[in-house]
Structures are given as C-alpha cells and as structure tokens.
Amino acid sequence: MEKKISIILTSYNKPDLVKQAIESVLHQTYSNWELFVMDDHSNEETSAAISTYIKDHRIYYDNSFINPAERLKSTRYAVLINDALSRAEGEYITYLTDDTVFHPNRLSRMAEALNQCSEFDAVYSSQKVIHVNGRGTEQFHFYRFAEEVLDQAAFLVDHCSVMHRRSLLERVKEKFGSFWDEDVMHWNHGDSVFWSRLNTFTSFLPIKEVLDTTYKTPHSFQNTYQSLPSVLIDGSFVKGTDQKVYQLDRNKRKPVNERWHTLYEGRTVVIPDPFLFQYEEGFYRFKRHGIPALERAEIQSLPDGPPISRWTSDCVQHLPGRMLFRIERKFYVYLRGVLHPISHDVAKRFFANQKAIPISFQQIKQLPIGMPFYPVYDEIIRNLNITKG
Ligand code: UDP
Ligand code: MG
C-alpha cells in the first residue's frame, strides 16, 4: 500500500505556470497524494486557471484573501504552508511553488527512498533551473545536483526538491514554536530556515536524479529583491506584477498615468509586490486633460529652492537632487539636502542609464551624510545564524 503524500503548492499571480505545476502533480506515476493549492489572493486570471482543476477530490483549494497592505508583514508562503500543514494527512510532506513542475516519477522516487532508509527523515533530489524572459522563452539553464548527505541543507536545496516525514513536524513545532518561520525577514529564504530546523533532527539523503524543473521569471522574488535597500529611493518610478507604474514620493506610491510614459520609460524599477504595497497609495492632483497649466501666481507661491552652487568653488552648498555622484569609487545620491552613500548594486538598479558625476571630498564636506542605500538582503543574510552555500 502506497503511503499518502501531502503536497503543498503556493500560488500567486502566475496563471500559466501554476497550471503546469498542477498538471505535473496529476501526471505523477504515484497515485496516493493530496494536493493543497494555497492561493495568496491572486488575480482573477490565476484563480480562473486553478478553478478548472479543483473538481478532483484529491485537490483542496484555499484562498487567503490577504489585504495587499498586509502582504509585507509576514513571509506569505510560510503562512500558507503552515495553514496547510495543520490539515495535512500524508505520512510524507512535500512542497511545490507555482513556477515549478515535478517530473512524473518525483513522488514515487522520493517515497521509495524514505521507505527504504528509515535512518533519514528527509530526502532531496537534483533540480533543473531555467531562466526565462517575460514571454516565457528560455534564456539559459543550469542544474543543482544532489550529491551528498547534507547536515546543513540551507541555501543548497530548493523549496521544491525536498520530501520529509510528517513525524518531524511536531518535533519542529515543539522546539521552534511553529513549523515554517513566518517572520518577514526570511521572505527570500524561508525554505532554508525551515531546512535548518529539520536539520536539527535529521540529515538530508540525496537522490541523484533530476526530479523537478523550476522556472525563474523576471518577476520572481529572487530577481526583483536583489539590490533593494530597505527604504527605496524617493522619486523613483517603480512597478510590480500588474505593470502599473508608480512614483515614490515621500513614503507614498503615486500612480503615474500612461500619458506620462516618456518620464518613466527605460527608468522604471521592477520591484516585488510586497515591497510596493508597503507604501500607501497617494495621488498627484493633476488636471484631467493635457499638461497641467500653472498660473503665474501659482508658480510664484512656490518657495524658491536653495541655489545650486558653482562647481568650481571649493565647497558646494547644494547639489542637484536625485543625481548620482561619485567620489573616487564611492557613489552618493543627493536627496532633500542630504547626501546618501549608495552601493554599486543599488545604483545600477535605480540609476541604470545615469553616469555618476565626479565630485571631490573637499567639495561636499559641508553636506550632511544620511542613511545609506545598501541592499537589505545582504544584511539579513549576515545576521542569520545559518551558513550560506
Ligand atoms: N508567493 C505568495 N505570496 C506572495 C508572493 C509569492 O504566496 O505575495 C509564493 C509564490 O506563489 C511562490 C513562492 O511564494 O510559490 C515564491 O515566490 P516567487 O516564485 O516569486 O519567488 P522566487 O522563486 O523568486 O524565490
Ligand atoms: Mg519561484
């Protein structure tokens, strides 16, 4: 008798890929499974794509109906997984994301390995990783090979390449207080945090075969999260999965009408939805049609900004705002009277086509230095107590 396997699929706004993911479960050579499709309040196209499959009595569908403003308060897929785990009945547990497909023998090979090797409570397999462009065309691919028994699987093994015994769950919860850690700081590596919890009880047994293929799209979190500072640079044009362009303006995201496309084309930064939704929506009050015309009196009522001083003088009082400057090999951006250090990676994302203006330390020594724009993710990883492979 085959042991039951619980598969937990997390889904958010990938209508075409999520269909492939579900079908890859339906095409398994192993039949005793249950599938939890945990949808994190996706758009209609995605829920419609999923709805065609939920007639199957082995598939359970759940929608979180999360409020967009709440998205960045926790690691969403960890919340969904914990919810499903509390209902999972399988003796073995495995995870799937909406941009991954299981190969047909994925469940049978893994169940077989766990059946045969009672000294291991978790197994993992090799994975094919395909990078695709916005139209879904392959750009390049590589493999993550499962070769060794792992005592530290964190950062080496993907979310979709593991199966473990359900019996581990109670032990994890007793020791750590929850199954998956829902803390938002782990958004980009929640699987690794969970593997390190599992590793306190078991090593991971390798299965050399490639048993899943995962797709990295331009919108996948790993791509869009890279080189983002915790506070984004004011004045930037940004967009999330729905392609709507916003300008960040004093901690608000303000929708920019397509009519203004010449302003934002070629300089809009794609950011993860949770990052976008942490900014409250605001509005520019433009007149309905055409370029807003200002009355002379309206212009006169605007306060004069400080003069931009001459470059030739030794000391500069003010620099033009939102421009990139360089002192030797270090970058800075000037915002509202303050000079902010900015890392090369962040500068590349936010000032893609801008050449940094060279200045000297002598010239800016008067100016206050503000909070730096460094990638938040590097900092989080440094503070984690698990090693990165
Ligand atoms: N996800 C989610 N809610 C969100 C964003 C993502 O549940 O608001 C899920 C998504 O469906 C996927 C997993 O989290 O199963 C990882 O997301 P993604 O594929 O974007 O990240 P990456 O592959 O870059 O790590
Ligand atoms: Mg993904």
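When a ligand or atom number is given, it counts from 1 through the structure's own listing order.
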- With 2.8 Å as the limit, jot down which protein N, O or S atoms are around the Mg ion (ligand 2). Asp99 OD2

- Task: Kindly indicate whether a cation-pi arrangement holds for Lys254 with Tyr246, taking the cut-offs as under 6.0 Å to the six-membered ring centre and within 45° of the axis.
- Result: no

- With the threshold set at 4.0 Å, does a side-chain nitrogen-carboxylate oxygen contact exist between Glu112 and Arg109? yes

- Which other residues belong to the hydrophobic cluster containing Leu17, where Ile, Leu, Val, Met, Phe, Trp and Tyr are joined when side-chain heavy atoms lie under 4.5 Å apart, directly or via other members? Val101, Ile130, Val132, Tyr215

- Message: The criterion is salt bridge (Lys or Arg N to Asp or Glu O under 4.0 Å); which residues satisfy it with Arg166, sequence neighbours excluded?
- Response: none

- Under-4.0 Å salt bridge between Lys4 and Glu89: yes

- Determine, for Glu281 against Lys252, whether the closest basic-nitrogen to carboxylate-oxygen distance falls under 4.0 angstrom. no

- Message: As a quick check of understanding, evaluate side-chain contact (heavy atoms from CB on, under 4.5 Å) for Tyr12 and Arg76, giving each step before the final call.
- Response: CA-CA 10 Å; Tyr12 180 62; Arg76 292 301 308 155; over 6 Å; no

- Task: Establish, for the pair Arg58 and Trp33, whether the NZ or CZ atom is under 6.0 angstrom from the six-membered ring centre and no further than 45 degrees off its axis.
- Result: yes

- Message: Using a 4.0 Å cut-off on heavy atoms, what residues surround ligand 1? Order them by chain and number.
- Response: Thr10, Ser11, Tyr12, Lys14, Asp40, Arg71, Arg76, Tyr77, Leu80, Thr97, Asp98, Asp99, Trp187, Lys216, Ser220, Phe221, Gln222

- Output yes when Arg87 and Asp62 qualify as a salt bridge under the 4.0 Å nitrogen-oxygen rule, no when they do not. yes

